Amino acid sequence: MSRFDTYFLMKTEDIAAYVKEKSDMFSSDAVLDVKEIGDGNLNYVFLVKDDAGKSLIVKQAGETLRISDKMRISTERNRIESEILQLQNKYAPGLVPKIFSYDTVMCACLMEDLSDHRLMRYALMDFEIFPKFADDITTYMVNTTLSTTDIVMCAKEKKALVKNYINPELCEITEDLVFTEPYNDLNKRNIVFEQNKKFIEDELYNDKALHLEIAKIKLAFMTNAQALIHGDLHTGSIFVKQDSTKIFDPEFAFYGPIGYDVGNIIANLIFAWNRGNAFGKKEFCDLIIKTIIEIIDLFIEKFIKYFKNNASDYMLKTEDFMRHYLDTILEDTAAYAGTELIRRTVGMAQVKDITTIENAEKRAEAERINILCAKKMIMNRKNFKTGKDFAEAIYV
Ligand code: SR1
Ligand code: MG
């Protein structure tokens with residue numbers, strides 16, 4: 001019997017005993033230093049180190065969200081995250097953290113310590129640039145998504161994955177926070193910057209043509225079981241250093257549209273651009289634009305190569321179908337970049353890139369650029385075909 005045989009939410013003081021029981025990395029008499037380092041909206045993350053320099057991360061799912069104890073949510077997400085990271089390590093080796101083990105009772109996993117990397121959002125907020133990022137993230141997005149589609153994977157194996165990663169609770173969060181509330185404040189938890197109140201009412205709450213397009217995009221998110229996607233691929237889900245990229249936190253993973261992942265990356269780079277713009281960092285902004293163009297163009301190049309080398313379904317593997325399929329993914333990318341830009345600007349889960357712009361005029365301007373760029377992407381999504389198309393949308 002162990003006190004870790006029944007679930008409870010661990011505190012810093014529980015972690016040393018926990019890792020000694022669950023991992024063979026540390027001896028029973030090791031003196032361990034434990035720090036809670038999580039700053040996400042959902043989970044508790046602890047960094048554990050011994051005095052010989054060995055370290056690991058413990059990530060535990062609570063039964064309520066970290067940002068709101070009124071929101072209950074299944075701890076099953078920790079299993080999904082651990083399994084997905086193990087699966088993705090096969091498709092995109094070296095681009096995700098290693099999972100040492102996961103514990104279905106405590107809903108916690110032990111994983112590789114990446115504290116020699118920085119969280120990408122914070123690095124971008126300091127205007128750092130990562131030259132390898134476009135190459136790494138496109139390899140990750142192409143390999144992890146295309147490999148799990150009906151184009152490449154045998155249909156029965158794919159359906160088994162659809163079933164295993166159905167993830168209804170986390171999808172519901174996205175359906176509400178991304179595809180409903182930003183357009184009507186239905187649950188009265190939007191956060192609207194005072195200076196943009198009228199602008200948000202006109203551009204988001206009262207635009208019926210926009211609402212119709214969002215309805216179509218929302219239904220596609222809910223029904224297009226295209227690939228096993230990350231589902232929350234923002235710059236707070238990525239660790240970077242100059243020569244390495246690690247994508248983590250896939251607890252929102254499910255079978256959904258590939259463009260949701262690609263669009264989230266583009267939108268989060270636009271937040272970084274907007275911050276750079278507010279701080280007058282022209283060189284940084286130009287490099288962000290270059291990265292956006294590279295990401296879309298490399299995604300297209302790698303997608304075509306992967307498709308040609310791996311497509312297996314007899315009817316789906318033709319060149320004509322590939323072109324059609326890629327066009328729909330780019331259209332979705334524009335749509336979901338748009339919805340991410342909007343929901344992080346007015347919804348309950350905002351981004352520090354924008355909320356920490358202290359000059360109120362500059363922040364209001366950054367928010368308006370997000371919204372206008374987003375609307376351009378959503379309303380004209382069929383015309384987004386190249387990296388240049390995405391980059392140009394920023395200049396509203
Ligand atoms: C209530 S959870 C808010 C947001 O945090 C996660 O990272 C997802 O982006 C979610 O929408
Ligand atoms: Mg997260």
Side-chain angles (χ1 to χ4, degrees), residues 36-46 57-82 84-85 88 96-97 99 107-109 111 114 117 119-122 140 165 167-183 185-191 214 217-218 221-222 229-240 246-254 256 260-271 336-355 370 374:
E36 212 278 305
I37 57 163
D39 80 337
N41 295 324
L42 278 76
N43 303 300
Y44 298 85
V45 183
F46 302 90
I57 294 288
V58 179
K59 181 169 178 181
Q60 187 182 30
E63 290 172 313
T64 57
L65 295 191
R66 197 179 166 131
I67 54 162
S68 165
D69 58 8
K70 291 189 199 86
M71 286 172 79
R72 292 191 71 77
I73 177 172
S74 162
T75 48
E76 162 89 348
R77 65 189 189 276
N78 193 266
R79 170 191 72 83
I80 293 184
E81 171 169 354
S82 306
I84 298 280
L85 285 173
Q88 290 185 336
V96 298
I99 293 290
C107 306
C109 61
M111 67 165 107
L114 293 172
H117 291 60
L119 201 64
M120 188 171 185
R121 186 175 310 286
Y122 294 142
Y140 170 86
Y165 299 112
N167 215 353
E169 292 194 15
L170 282 284
C171 284
E172 187 185 32
I173 292 179
T174 305
E175 288 151 20
D176 291 344
L177 294 191
V178 180
F179 297 110
T180 301
E181 295 175 20
Y183 306 95
D185 199 14
L186 196 64
N187 294 318
K188 299 281 167 265
R189 51 189 182 184
N190 281 358
I191 307 168
I214 298 299
I217 295 166
K218 177 176 180 176
F221 176 86
M222 296 167 86
I229 65 169
H230 180 286
D232 196 25
L233 193 48
H234 56 80
T235 48
S237 298
I238 302 171
F239 282 122
V240 274
K246 302 275 184 187
I247 297 98
F248 68 109
D249 217 10
E251 61 199 326
F252 282 76
F254 79 115
Y260 191 73
D261 277 358
V262 190
N264 268 264
I265 285 292
I266 299 299
N268 279 271
L269 288 172
I270 295 175
F271 297 136
Y336 296 122
T339 53
E340 174 75 357
L341 282 165
I342 290 174
R343 73 91 165 215
R344 297 285 190 192
T345 306
V346 300
M348 77 177 272
Q350 309 209 335
V351 286
K352 288 193 178 134
D353 319 47
I354 304 293
T355 57
N370 284 343

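Whatever order the structure lists them in is the order used to number ligands and atoms, beginning at 1. These numbers were taken from a predicted model, which means no experiment stands behind them.
- In summary, Asp185 and Arg343 do not engage in a salt bridge, as defined by a charged side-chain N under 4.0 Å from a carboxylate O.
- For the salt bridge (charged side-chain N to carboxylate O under 4.0 Å, His left out) with Glu181, the qualifying choice from Arg189, Lys188, Lys218 is Arg189, the only one to do so.
- In Arg66, neither the side chain nor the backbone holds a heavy atom less than 4.0 Å from any atom of ligand 1.
- Taking the charged nitrogens against the carboxylate oxygens, Glu36 and Arg66 do have a contact shorter than 4.0 Å, which makes a salt bridge.
- The protein heavy-atom contact nearest to atom 11 (O) of ligand 1 is Arg343 NH1, 2.8 Å.
- When heavy-atom distances to ligand 1 are checked against a 4.0 Å cut-off, Asp249 has no atom that comes that close, whether in backbone or side chain.
- For the Mg ion (ligand 2), the set of nearby N, O or S atoms under 2.8 Å includes none belonging to Glu251.
- Set against the non-hydrogen atoms of Leu177, the atoms of ligand 1 under 4.0 Å away are 1 (C), 3 (C), 11 (O).
- Evaluated by nearest non-hydrogen atom to atom 6 (C) of ligand 1, the leading choice among Asp232, Ile173, Asp176 is Asp232.
- Across every non-hydrogen atom of Pro97 and Ile247, the tightest pair is CD-O, 3.2 Å.
- Among all non-hydrogen protein atoms, the one lying nearest atom 5 (O) of ligand 1 is Asn41 ND2, 2.7 Å.
- For atom 10 (C) of ligand 1, the closest heavy atom belonging to the protein is Phe252 CZ, 3.8 Å.
- Salt bridge Asp249/Lys59: present, at least one basic N to carboxylate O contact under 4.0 Å.
- Looking at atom 1 (C) of ligand 1, its nearest protein heavy atom turns out to be Leu65 CD1, 3.1 Å.
- Applying the 4.0 Å criterion to heavy atoms of Ala349 picks out, from ligand 1, the atoms 3 (C), 4 (C).
- Using a 4.0 Å cutoff on heavy atoms, Arg344 counts as a contact of ligand 1.
- Under a 4.0 Å criterion applied to the non-hydrogen atoms of His234, ligand 1 contributes the atoms 7 (O).
- Aromatic ring centres of Phe254 and Phe221: separated by under 6.0 Å.
- Ion pairing of Glu81 with Arg77 is absent here, as no side-chain N (NZ or NE/NH1/NH2) approaches a carboxylate O to less than 4.0 Å.
- Using bins of under 30°, 30° to 60° and over 60° for the plane-to-plane angle, the ring pair Phe179/Tyr336 lands in the perpendicular bin.
- Nearest to the Mg ion (ligand 2), among the N, O or S atoms that Asp249 has, is OD2.
- Atom 2 (S) of ligand 1 has Leu42 CD1, 3.6 Å as its closest protein atom, hydrogens excluded (heavy atom only).
- Of the N and O atoms on the side chains of Thr64 and Asp69, not one donor lies less than 3.5 Å from an acceptor on the other residue.
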